[in-house]
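Both backbone and side-chain heavy atoms feed into the values below; hydrogens, waters and symmetry mates do not. Sequential numbering from 1 along the given sequence is applied to the chain's residues.
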Amino acid sequence: MRLLLVGSGHSHLFVLEALARQRVVGLDLTLVAPSPLATYSGMVPGVLNRQYPLRAAQIDVRRLAARAGGRFVAGRAAALDADARAVALADGVRHDYDVVSFDIGSQVAPIAADAGAPLVAIKPMDAALAALEAALAARPSAHAVVIGGGAAGCELALALAARLRPGGGRVTVCDPAPRPLPGLGARAAAAIQAAFAAAGIRWVGGQAATRVSPTAAHLADGSALEADLVVAAAGAVGDGLFAAAGLAVDERRFLRVDATLRCPARPEVFAAGDCATPPTPTPKSGVYAVRQGPLLAANLRAALAGGTPRPFRPQRHALALLNTADGRALLSYAGLAARGRWAWRLKDWIDRRFVARFDDRARLPLG
């Protein structure tokens with residue numbers, strides 16, 4: 001049997017771990033991912049703020065695949081032929097499968113940009129980090145605008161503010177919502193706005209960015225935010241792979257899956273994490289991808305053996321921990337919120353533990 005894993009997202013880490021612990025006899029396993037090192041999204045703001053070296057936030061998925069008895073192939077999926085049971089990569093190489101699973105994440109919703117606009121999309125993360133480091137090195141006193149007031153946008157804004165502060169740079173965050181962190185409640189919004197105020201970050205709510213020019217981010221009301229650097233961190237959309245294959249997708253092009261994380265029309269096709277929309281939609285958050293991981297591992301094993309998969313039941317509330325780039329973090333759960341150094345210690349412990357679980361190298365020191 002041929003099992004093809006496309007993407008090295010959180011859920012697939014658990015699949016590889018499970019196969020490493022208990023291999024399937026006769027299984028032909030292939031992992032396709034853009035890089036042999038998967039960067040853990042939860043630590044990206046800490047990398048940008050130089051709280052961690054980049055390697056401390058990465059997992060060697062090539063080694064993890066080898067431990068599971070599989071092989072690693074560097075590449076990105078360009079096309080899915082569900083009838084032929086094959087995935088073509090960007091380089092034209094096709095990989096056949098009996099069962100395939102996708103954990104390829106999401107993309108940032110596109111925004112119109114003029115030629116020469118200083119726009120950086122936060123995904124893919126490795127490219128974004130490289131682009132941000134280059135921009136900060138070139139303009140240490142830059143005025144940065146972050147488009148998006150969700151968790152990712154807020155964390156990145158705070159990390160950028162910490163990096164730009166010594167050079168006199170400034171950060172502005174804009175979003176159509178009237179307050180930041182609209183999905184986490186009023187207390188979390190108030191706590192992050194307090195962190196913004198302490199960091200000198202300007203909040204512009206109730207305004208969507210419509211275009212980025214070489215000197216500004218332009219808003220729906222006709223006003224403009226002067227910017228030397230614009231970071232797009234708003235919205236999540238699929239890359240069109242599933243729609244092009246004729247599979248059912250939601251309004252943002254994510255694959256619709258049933259409760260067992262399978263495509264209803266193609267039960268040999270599984271998907272988890274951000275790229276999938278289950279019957280009970282969940283936020284596009286790594287917390288849910290982590291919860292899906294062990295179940296996906298069990299269901300893939302069942303599919304390979306002709307067994308019966310089990311349904312995914314998302315938790316009612318999810319813990320959110322946001323790095324505020326000042327030695328503290330914001331914890332939010334079920335409408336409650338608190339910010340402090342204790343929350344940073346908890347976040348740091350959870351993040352390091354997650355990376356160490358899948359990467360068996362020696363621990364790296366803080367940057």
Side-chain angles (χ1 to χ4, degrees), residues 39 41-49 105-111 113 117-125 127-129 131-132 135-136 142-164 169-186 188-212 216-220 225 227-237 252 274 283-287 318 320-326 328-332 337 339 347:
T39 301
S41 58
M43 295 173 74
V44 165
V47 171
L48 184 60
N49 192 32
S106 60
Q107 298 180 347
V108 177
I111 183 171
L119 178 64
V120 176
I122 61 167
K123 294 180 180 182
M125 288 182 296
L129 279 172
L132 289 173
L136 293 172
H143 181 188
V145 171
V146 176
I147 299 172
C154 290
E155 282 192 296
L156 284 168
L158 288 159
L160 284 171
R163 287 288 299 274
L164 290 169
R170 296 173 295 154
V171 176
T172 299
V173 182
C174 65
D175 193 276
R179 64 189 185 194
L181 302 179
L184 296 184
I192 208 69
Q193 285 182 303
F196 280 0
I201 295 173
R202 178 188 176 194
W203 166 253
V204 178
Q207 285 292 330
T210 58
R211 181 173 64 89
V212 180
H218 298 263
L219 305 182
L225 302 173
D228 305 301
L229 170 64
V230 179
V231 183
V237 295
R252 291 186 290 169
D274 283 5
K284 300 301 180 182
S285 164
V287 173
L321 284 163
L322 278 64
N323 183 353
T324 53
D326 58 354
R328 291 181 282 181
L330 167 64
L331 181 150
S332 175
R339 176 169 160 246
K347 175 175 172 55

Pairs of donor and acceptor atoms involving the side chains of residues 174-186, under 3.5 Å and at least two apart or interchain, shall be tabulated with distances.
unit_1 : atom_1 : unit_2 : atom_2 : d
Asp175 : OD1    : Ala177 : N      : 2.8
Asp175 : OD2    : Gly149 : N      : 2.7

Trace of the side-chain contact (heavy atoms from CB on, under 4.5 Å) decision for Val47 with Met125: CA-CA 11 Å; Val47 171; Met125 288 182 296; over 6 Å; no
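- Distance OG/Ser41 to NZ/Lys123: 7.5 Å, rounded to 0.5 Å.
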Using atom types as modelled, flag every donor-acceptor pair under 3.5 Å from a side chain in residues 193-201 to any protein atom, sequence neighbours excluded.
none

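- Atom CG of residue Leu164 and atom CZ of residue Arg170 lie 10.5 Å apart, to the nearest 0.5 angstrom.
- What you find for Thr172 and His143 is that their closest heavy atoms are OG1-NE2, 3.1 Å.
- Note: Ile147 CD1 to Leu156 CG = 12.5 Å, rounded to the nearest 0.5 Å.
- Considering all non-hydrogen atoms of both residues, Ala329 and Thr324 come closest at N-OG1, 3.7 Å.
- Pairing each heavy atom of Leu330 with each of Ala337, the nearest pair is CD1-CB, 4.1 Å.
- In this structure, the salt bridge (charged side-chain N to carboxylate O under 4.0 Å, His left out) partners of Arg211, at least two apart in sequence or on a different chain, are Asp114.
- Note that CD1 of Ile111 and OG1 of Thr210 are 6.5 Å apart. Values are rounded to the nearest 0.5 Å.
- Every residue two or more places apart in sequence or in another chain was checked for a side chain to side chain donor-acceptor pair (under 3.5 Å) with Ser332, and none qualifies.
- Separating the CD atom in Glu155 from the CE atom in Met43 is a distance of 12.0 Å, to the nearest 0.5 Å.
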Worked verdict on Leu158 versus Asn323 for side-chain contact (heavy atoms from CB on, under 4.5 Å): CA-CA 8 Å; Leu158 288 159; Asn323 183 353; over 6 Å; no
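- Closest approach of Ser285 to Asp274, counting heavy atoms only: N-OD1, 3.5 Å.
- Two residues are said to be in side-chain contact when any heavy atoms from C-beta on lie closer than 4.5 Å; Leu160 and Leu136 meet this criterion.
- The salt bridge (charged side-chain N to carboxylate O under 4.0 Å, His left out) test applied to Lys284 returns no partner, not counting sequence neighbours.
- Salt bridge annotation for Arg339-Asp326: present, with a cationic side-chain nitrogen under 4.0 angstrom from a carboxylate oxygen.
- Summarising the geometry of Val212 relative to Ala117, their closest heavy-atom pair is O-CB, 3.5 Å, with the distance given to 0.1 Å.
- When all heavy atoms are compared, the tightest approach of Gly148 to Val173 is O-CG1, 3.6 Å.
- The side chain to side chain donor-acceptor pair (under 3.5 Å) search around Gln207 returns Asp221, not counting sequence neighbours.
- Summarising the geometry, atom CG belonging to Leu219 is positioned 4.5 Å from atom CG belonging to Leu225; distances are rounded to the nearest 0.5 Å.
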